[in-house]
4 protein chains.
Amino acid sequence: MPKVGMGPVRRKQLVDATISSIHTYGLADTTVTRIARSAGVSPGIVHHYFTDKDDLLFESMRQMLRSLKIEVLKRLKNSNTKAERLNAIIEASFSPEQFSPEVTSAWLALYASSRHSPGLFRILQLYHRRLRSNLLDALGGNNPQNLDKAEAIAALIDGLYLRAALNLDDSDMQQLQQLACKMSAKLAGN
Amino acid sequence: MPKVGMGPVRRKQLVDATISSIHTYGLADTTVTRIARSAGVSPGIVHHYFTDKDDLLFESMRQMLRSLKIEVLKRLKNSNTKAERLNAIIEASFSPEQFSPEVTSAWLALYASSRHSPGLFRILQLYHRRLRSNLLDALGGNNPQNLDKAEAIAALIDGLYLRAALNLDDSDMQQLQQLACKMSAKLAGN
Amino acid sequence: MPKVGMGPVRRKQLVDATISSIHTYGLADTTVTRIARSAGVSPGIVHHYFTDKDDLLFESMRQMLRSLKIEVLKRLKNSNTKAERLNAIIEASFSPEQFSPEVTSAWLALYASSRHSPGLFRILQLYHRRLRSNLLDALGGNNPQNLDKAEAIAALIDGLYLRAALNLDDSDMQQLQQLACKMSAKLAGN
Amino acid sequence: MPKVGMGPVRRKQLVDATISSIHTYGLADTTVTRIARSAGVSPGIVHHYFTDKDDLLFESMRQMLRSLKIEVLKRLKNSNTKAERLNAIIEASFSPEQFSPEVTSAWLALYASSRHSPGLFRILQLYHRRLRSNLLDALGGNNPQNLDKAEAIAALIDGLYLRAALNLDDSDMQQLQQLACKMSAKLAGN
DNA sequence: AATGAATGAGCCTTCATTCAT
DNA sequence: TATGAATGAAGGCTCATTCAT
């Protein structure tokens, strides 16, 4: 049953299975075999498409960040005022795609493990830089005061996301999004 | 070299070694043997004082939360105004004891793994409830508006903590503490 | 050197290696690693074919009992008189296949450990029921007197087997078989 | 609370705890710590009174065989006819002291493990020799025919004992004793 | 392209034994 | 005499990775 041109398809399958497995079993119990089974393929195939397990985890985080980036850009394109740009950034983070239980679980797990994984660390830094840059832009430029605000808003977003990942308050996306926007506006103000 | 009455001492040693090991090697590479060696004891002794590895991880988290609780209570005792009480809570979280690289690393790692560890999940919920309760109190009572504020401030604290854990901006405790206080005040205001 | 369709072959190899290892080292010193090495495979593969060590031990006992059952049925098929049927049962127990040093050693060891192993206990009960049933049939029906006789003959068989397993008298199969038949005939008579 | 002259007492305590532990947990799960706890002493004390664990197991078997020997001698002393002597031997094996669940369990477990334990092997050979000698005596002397009979009766005793150890037929001591006597008489006859 | 058998390193855990007290 | 803290060697088991097919 070998097929040609399966590369991209298999890669996506495996990345999705990885995210899903992290959500279901936790990162510690996410084994290559389990991922493969969940993707409906054999364990061996994983190393055909990915260098090793770390590479697969890395690509999973990358897919999530790529997806977030697209979401942000899409919304920024339609934003004209500062306030709109700020909301665009926040709403992107809490959009359905970025905020499914699977994605938040995987995000938290990989985020936490990034300290000891150079690859993950690197792309998460990129994400943070981009987020800060976007926020500074939405706040009206890079100055000490705005740096503080950007830092706080970024922390607010991550914090809300983080707490949602633990399902600590059975969080409703819609509601959380509104809270994030409202509070960010406060932080952005004087 | 067996000695009597070493129980509490050994337990503390092992918990500290665990926190330190998580920081140095990451949770995934924190093995019982490594913890024991780091504590200067043999691998076998770990199971003399803890049921199993999970128990040791649990107790490590517990020690951190207990320490935080003490810090908060100590500061709340000397706080009279609402603003002081709010600051007390925040400053406790960013006090030297709670905010060493070792502790933040361990906190993040265990926080992330709590979704699939009933014990960790439970005590983290307790922490969150207590934090919310303290914040509501500092904000002047439990009402819908304050609930939102408390949620946001809690997220801000966790978010700043989280980002510091990744050392993303080589954060300076002092500075972060001030930022947290300032921004929380904004969130608390109208 | 992975090959396809090796399942049944490997399972048989491992079961035989288990029986042999129990004979050579004793059940207490029969480790998974030792079994694997004796079968010429790696330790890890054992858990590819068996749930765990207990499962492997269970399957080893099962193979011995299955083999005995086949031997008994084969001989009963050619038996017409009561006396012949009684001899058939006994001779099967002391046939070369059932009575090698390896098999008797393993049989004794697993028999003894069955008290604390539900799986082993179950299949040994099946064996005992079948033996009793066969004996009652050979004795001419289920009545109190025959029950006593069956019990005694079964005990005689087990006892002789047991003592042979300890090699207490450097027992010769042929001779033992004859003794068992002769004495069983006595027990069967009035 | 060190006391002098505790030697014999402690040794008996530990041997009894060993037998009891084998019955309750099985030989494989009978650990030194468990034995000690069951005897109400500390794990370390075991090696004060016994060379090592094997020594303790050996002494446990020895106590059981010693007890059996005493029981046999006591009954033989009052036996005058051949038939009485035969019954004396059998009844001793199934007397309350020898036939408690604890003792039968321990007996079976140690019996089975004796193949790979020189010490156990030795004293069990002694037991077998004594049993054979007693039986030959009761049968009227050492000749080929009586050797066969003695062998069969010994096997019958061990077999019945063995099956009782597994509790395969919820055996009642009284009844089993009678069965053993009746069937032995058959085997002893011509 | 795909399978899954096979490896082997390493982890958690247990436990007989020793030893300071 | 007695404790129980401590060691260290093994054992069962898991799992990322490789490789013949």
Side-chain angles (χ1 to χ4, degrees), chain A residues 1-7 9-10 28-37 40-56, chain B residues 1-7 9-10 28-36 40-54 56, chain C residues 1-7 9-10 28-36 40-54 56, chain D residues 1-7 9-10 28-37 40-56:
Chain A
M1 313 67 184
K3 297 174 189 170
V4 289
M6 289 299 282
V9 175
R10 285 274 179 270
D29 290 326
T30 288
T31 68
V32 170
T33 299
R34 200 165 259 177
I35 292 169
R37 185 159 34 223
V41 296
S42 73
I45 204 67
V46 171
H47 294 82
H48 200 75
Y49 289 110
F50 297 91
T51 305
D52 55 16
K53 192 190 180 186
D54 277 348
D55 184 36
L56 174 53
Chain B
M1 311 78 181
K3 297 172 189 171
V4 288
M6 289 300 281
V9 176
R10 286 275 177 269
D29 291 324
T30 288
T31 69
V32 169
T33 300
R34 200 165 256 175
I35 292 169
V41 295
S42 72
I45 202 66
V46 171
H47 297 87
H48 196 68
Y49 291 111
F50 298 90
T51 305
D52 55 16
K53 192 190 179 186
D54 276 348
L56 175 53
Chain C
M1 310 83 182
K3 296 172 188 171
V4 287
M6 288 300 283
V9 176
R10 285 274 177 270
D29 290 325
T30 287
T31 69
V32 169
T33 300
R34 201 165 255 176
I35 292 170
V41 296
S42 72
I45 203 65
V46 171
H47 297 89
H48 196 68
Y49 290 112
F50 297 91
T51 306
D52 55 16
K53 192 191 179 186
D54 276 349
L56 176 52
Chain D
M1 313 65 186
K3 298 174 188 170
V4 289
M6 288 302 280
V9 175
R10 285 274 178 269
D29 290 326
T30 287
T31 69
V32 169
T33 299
R34 199 165 261 178
I35 292 169
R37 183 158 36 221
V41 297
S42 73
I45 203 68
V46 171
H47 294 83
H48 200 75
Y49 289 111
F50 297 90
T51 306
D52 54 16
K53 192 189 180 186
D54 277 348
D55 185 34
L56 175 52

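A quick note: this is a predicted structure, and the numbers were derived from the prediction, not measured. Naming convention: chains lettered A, B, ... in sequence-line order (proteins, then strands); numbering from 1 in each chain.
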Please check the phosphate of [N] (OP1 and OP2 only) for any side-chain N or O of [X] closer than 4.0 Å.
X	N	value
B:R10	F:dA6	yes
B:Y49	F:dA6	yes
A:H48	E:dA1	yes

Partner set under side-chain contact (heavy atoms from CB on, under 4.5 Å) for [X], not counting sequence neighbours:
X	result
B:D54	B:D52, B:L57
A:T33	A:T31, A:R37, A:P43
B:V32	B:V46, B:H47, B:K53

(request) Find the distance A:I35:CD1 to F:dC15:C1' and express it as a whole number of Å. (result)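 After rounding, the gap between these two atoms is 12 Å.
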(message) Without decimals, in angstroms, what is the distance between A:D55 CG and F:dT17 P?
(response)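 Computing the A:D55:CG to F:dT17:P distance gives 10 Å.
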(request) Give the minimum heavy-atom separation between D:D55 and D:T51, together with the two atoms involved. (result)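 Result for this residue pair: OD2-N, 3.0 Å.
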(request) Looking only at non-hydrogen atoms, find the nearest pair between A:R34 and A:D29 and report the distance. (result) NH1-O, 3.0 Å
(request) For DNA chain F, produce a single dot-bracket line, 5' to 3'. Pairs: Watson-Crick or G-U wobble, both distances under 3.5 Å. Symbols: ( ) within strand, [ ] crossing, | other strand, . unpaired. (result) .||||||||||||||||||||
(request) Find the distance between CZ (A:F50) and CG (A:L56) and round it off to the nearest 0.5 Å. (result)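 Between A:F50 CZ and A:L56 CG, I get 5.0 Å after rounding to 0.5 Å.
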(request) Produce a footprint string for nucleotides 11-16 of chain E: one letter per nucleotide, 5' end first; B if the base is under 4.0 Å from any protein heavy atom, S if only the sugar-phosphate is, - if neither. (result) SSBBSS
(request) May I ask you to say what D:V46 touches in the nucleic acid, namely base, sugar-phosphate or nothing, with a heavy-atom cut-off under 4.0 Å? (result)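 Here D:V46 touches no strand at all.
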